[in-house]
Trainee: 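Next up is a structure, given as structure tokens.
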Amino acid sequence: MPPSYTDDQIVYAVRDGLIIPAQLDRMAQGMIDLVNKTRAAMSIDNYRFDVDAHDEVAHQAAIESIVMLKNDDAILPLNAGPVANPSATPQKIAVIGEFARTPRYQGGGSSHITPTKMTGFLDTLAERGIKADFAPGFTLDLEPADPALESEAVETAKNADVVLMFLGLPEAAESEGFDRDTLDMPAKQITLLEQVAAANKNVVVVLSNGSVVSVAPWAENAKGILESWLLGQSGGPALADVIFGQVSPSGKLAQSIPLDINDDPSMTNWPGEEGHVDYGEGVFVGYRYYDTYGKAVDYPFGYGLSYATFEITGVAVAKAGANTATVNATVTNTSDVDAAETVQVYVAPGKADVARPKHELKGFTKVFLKAGESKTVTIDLDERAFAYWSEKYNDWHVEAGEYAIEVGVSSRDIADTVAVALDGDGKTQPLTEWSTYGEWEADPFGAKIVAAVAAAGEAGELTKLPDNAMMRMFLNPMPINSLPTLLGEGGKKIAQFMVDEYAKLAK
């Protein structure tokens, strides 16, 4: 039995006499590798890992995950008074939403783990001596709204300078065990937001959700929006650091936020029929679809605001090899706030033999800059950055030609674009009478033969191919053995000439 084989395009592996899907085999091997990596530490008598150090890693990861979507009138950061700034008068803060007290810090199903500690936002305020009035506003379920909770929340909001509203998806609304059929948050939360905004215009929404939720339907009721996702065990301190300005938010969207669920390209095929779903969108997933087809979105892929402002200049691209390149750019913090920016590099292919997205993210780097500081960043693009998976070659393929290198801070905020010409990987397939005239023209040997056909036509040795747009439209997709249908006996002679000449050149 071989170590692996395929059946109906599923790859299987043989391990200890068992036949299992190769993907599961790789997962199992990954778990074994992880166990082996920890074996040395776990074999130490009375070994204990540093709980606080691990919690700080979770804290920093949470900080860098938070994406600021909106900050009208610079409502953030808030002023916590003497705790953060001894000379400032503290704002009176209302915190509304059960998520602030009972954080949803992880996903459902098999992703559940037991944290070493759990610190929510209200816990953090208490630890840091920051005063705030709290009202839960709603329950973390899909049950109807509780009028008493709503009334309490509105009254709490009336007496505040600013309201922090913790909204999102309860665990019952999303899980690995079922598909969501809406991007909307529970209606009772949206209704409460409207009521609170009517009582107090200074509202900041803090979102808790595992995947994208619709923002457009309710965004007008919030001056600030923080997309915090599921922040893990140290989400409370991370949110406090961002909200009160100890750090500037620096997260970027890993998903576009569409205006409507029906704008998503998968909706044409989902949920399928008769137990079958076609992944008909192909490579046009997410921003690759929205940007290629000019579809309006609420927030684009890669988007994220900061308390600082940045400028990208001096974008330069140098060809590093036949099909590789190096990108350099200078990033300047043009504000008086220390903060980080993520420089994103997108590759936009030129004319291609297959359908390709308008551009694709192929490199990025996050750079921390003090106020007024500049740094030059370098991002290397390897051959895969320019390649696509070719069904014809059953391999990755880089076409020769010009590629646009776009440098920016989101898929729709590009600071500069520079072109680079690549040699291509030179992959070819043998040409036959079934190869199209266009394929002959694109092949290094075939192009010479097409030129020889034209020369022979001019000399009267072969039938002269008509040179006009209409004929070209017919010729390019046509196998050369179909030339007789257009040119009769002359077409047959041209096809035979091409095959014979190719046999000579391709030896």
Side-chain angles (χ1 to χ4, degrees), residues 62 65-67 69-70 95-115 118 120-122 135-150 153 164-197 203-219 221-222 225-233 235-236 238-239 251 253-267 269-272 277 285-286 297-299:
S65 299
I66 296 169
V67 182
L69 299 179
K70 185 177 182 180
V95 177
I96 295 174
E98 184 60 45
F99 289 109
R101 180 170 61 183
T102 311
R104 183 162 174 247
Y105 59 94
Q106 64 179 334
S110 62
S111 65
H112 269 292
I113 61 171
T114 302
M118 185 65 240
F121 185 72
L122 290 184
F138 54 85
T139 54
L140 295 181
D141 53 36
L142 301 180
E143 297 301 315
D146 183 329
L149 290 179
E150 291 182 332
L164 296 174
M165 285 203 70
F166 284 70
L167 308 177
L169 295 178
E171 189 167 332
E174 60 177 353
S175 170
E176 66 178 9
F178 58 86
D179 293 320
R180 290 166 59 190
D181 57 10
T182 178
L183 296 183
D184 297 335
M185 292 187 294
K188 65 183 178 183
Q189 295 185 33
I190 305 303
T191 300
L192 179 63
L193 172 59
E194 292 171 352
Q195 295 173 353
V196 168
V203 177
V204 175
V205 169
V206 181
L207 294 171
S208 296
N209 46 290
S211 189
V212 162
V213 295
S214 296
V215 174
W218 51 262
N221 293 312
I225 303 173
L226 291 177
E227 174 56 270
S228 72
W229 310 109
L230 305 181
L231 283 178
Q233 69 179 48
L239 281 168
L253 285 179
Q255 291 179 276
S256 306
I257 301 182
L259 291 166
D260 186 273
I261 191 172
N262 292 307
D263 292 337
D264 190 281
S266 66
M267 293 304 291
N269 306 294
W270 183 86
V277 180
V285 177
V297 296
D298 203 0
Y299 294 98

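Given the structure is predicted, the values throughout are model-derived calculations rather than measurements.
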Trainee: Any side-chain heavy atom of Ser211 sitting closer than 4.5 Å to one from Leu169?
Mentor: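 No. Closest side-chain heavy atoms not under 4.5 Å.
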Trainee: Mind checking side-chain contact (heavy atoms from CB on, under 4.5 Å) for Gln106 and listing every partner two or more places apart, or none if nothing turns up?
Mentor: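 In terms of side-chain contact (heavy atoms from CB on, under 4.5 Å), with neighbours along the sequence ignored, Gln106 is linked to His112, Ile113.
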Trainee: Whether the side chain of Glu227 engages the backbone of Trp229 through a donor-acceptor N/O pair (distance < 3.5 Å, no angle test) should be reported.
Mentor: yes
Trainee: Report the residues that fulfil salt bridge (charged side-chain N to carboxylate O under 4.0 Å, His left out) with Glu174, sequence neighbours left out, ordered by chain and then residue number.
Mentor: Arg104, Arg180
Trainee: If I take atom CH2 from residue Trp218 and atom OG1 from residue Thr191, how far apart are they, to the nearest 0.5 angstrom?
Mentor: 13.5 Å
Trainee: Work out which heavy atom in Ala62 is nearest to a heavy atom in Gly235; give both atom names and the distance.
Mentor: CB-CA, 4.4 Å
Trainee: Identify, with sequence neighbours excluded, every residue that meets side-chain hydrogen bond (donor to acceptor under 3.5 Å, both in side chains) alongside Ser65.
Mentor: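 In terms of side-chain hydrogen bond (donor to acceptor under 3.5 Å, both in side chains), with neighbours along the sequence ignored, Ser65 is linked to no residue.
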Trainee: Any non-hydrogen side-chain atom of Leu69 less than 4.5 Å from a side-chain atom of Ile257?
Mentor: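 A side-chain contact exists here, since the closest heavy-atom pair is under 4.5 Å.
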Trainee: Would you say that Trp270 contacts Asp264 through its side chain, given a criterion of any heavy-atom pair below 4.5 Å between the two side chains?
Mentor: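 A side-chain contact under 4.5 Å is absent here.
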Trainee: For Asp141, check salt bridge (charged side-chain N to carboxylate O under 4.0 Å, His left out) against everything at least two apart and list the hits.
Mentor: Lys188
Trainee: What pair of heavy atoms forms the shortest contact from Ala145 to Glu150, and how long is it?
Mentor: CB-OE2, 3.2 Å
Trainee: Could you go step by step and tell me if Leu207 and Met185 meet the side-chain contact (heavy atoms from CB on, under 4.5 Å) rule?
Mentor: CA-CA 10 Å; Leu207 294 171; Met185 292 187 294; 3.7 Å; yes
Trainee: Test your reading of the model: is there a side-chain donor-acceptor pair from Glu194 to the backbone of Asn221, 3.5 Å cut-off?
Mentor: no
Trainee: Give me each pair satisfying salt bridge (Lys or Arg N to Asp or Glu O under 4.0 Å) with a member in residues 203-213, each pair once, sequence neighbours excluded.
Mentor: none
Trainee: Can you name the nearest heavy-atom pair linking Leu142 to Pro170, along with the distance?
Mentor: CD2-CG, 3.8 Å
Trainee: Could you tell me which residues satisfy side-chain contact (heavy atoms from CB on, under 4.5 Å) with Val297, sequence neighbours excluded, listed by chain and number?
Mentor: Tyr290, Pro300, Arg412
Trainee: Report yes if the side chains of Val206 and Phe121 come closer than 4.5 Å at any heavy-atom pair, otherwise no.
Mentor: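 In short, these two side chains do not touch, never coming nearer than 4.5 Å.
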Trainee: If you round to the nearest 0.5 Å, how far is CG of Leu122 from CZ of Phe166?
Mentor: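 Output value for this atom pair is 7.5 Å.
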Trainee: Name all residues meeting the side-chain hydrogen bond (donor to acceptor under 3.5 Å, both in side chains) criterion together with Ser175; count only those two or more places apart in sequence or in a different chain, and write none if there are none.
Mentor: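 side-chain hydrogen bond (donor to acceptor under 3.5 Å, both in side chains) list for Ser175, sorted by chain: empty.
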Trainee: Is the shortest heavy-atom distance from the side chain of Leu192 to the side chain of Met165 under 4.5 Å?
Mentor: yes
Trainee: Check Tyr105 against Pro115 and note the closest heavy-atom contact, atom names and distance.
Mentor: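 Distance-wise, the nearest heavy atoms are OH-CD, 3.6 Å.
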Trainee: Work out which heavy atom in Ala153 is nearest to a heavy atom in Ala135; give both atom names and the distance.
Mentor: CA-CB, 3.7 Å
Trainee: A side-chain contact here means heavy atoms from C-beta on lying under 4.5 Å apart; do Leu149 and Thr139 qualify?
Mentor: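 Contact flag for Leu149/Thr139 side chains = yes.
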Trainee: Could you pull out the closest heavy-atom pair between Val277 and Gly272, with the gap in Å?
Mentor: CG2-CA, 4.0 Å
Trainee: Return the set of residues passing side-chain contact (heavy atoms from CB on, under 4.5 Å) with Ile261 (not counting sequence neighbours), or none when no residue passes.
Mentor: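 Listed in chain order: Leu183, Met267.
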Trainee: Listed by chain and number, what are the side-chain hydrogen bond (donor to acceptor under 3.5 Å, both in side chains) partners of Asp298, not counting sequence neighbours?
Mentor: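 Residues passing side-chain hydrogen bond (donor to acceptor under 3.5 Å, both in side chains) with Asp298: none at all.
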Trainee: Under the side-chain contact (heavy atoms from CB on, under 4.5 Å) test, which residues partner Ser208, sequence neighbours left out?
Mentor: Phe99, Ser228
Trainee: Tell me every residue that passes side-chain hydrogen bond (donor to acceptor under 3.5 Å, both in side chains) with Glu98, counting only those two or more places apart in sequence or in another chain.
Mentor: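 With neighbours one apart ignored, the set is Arg101, Thr102.
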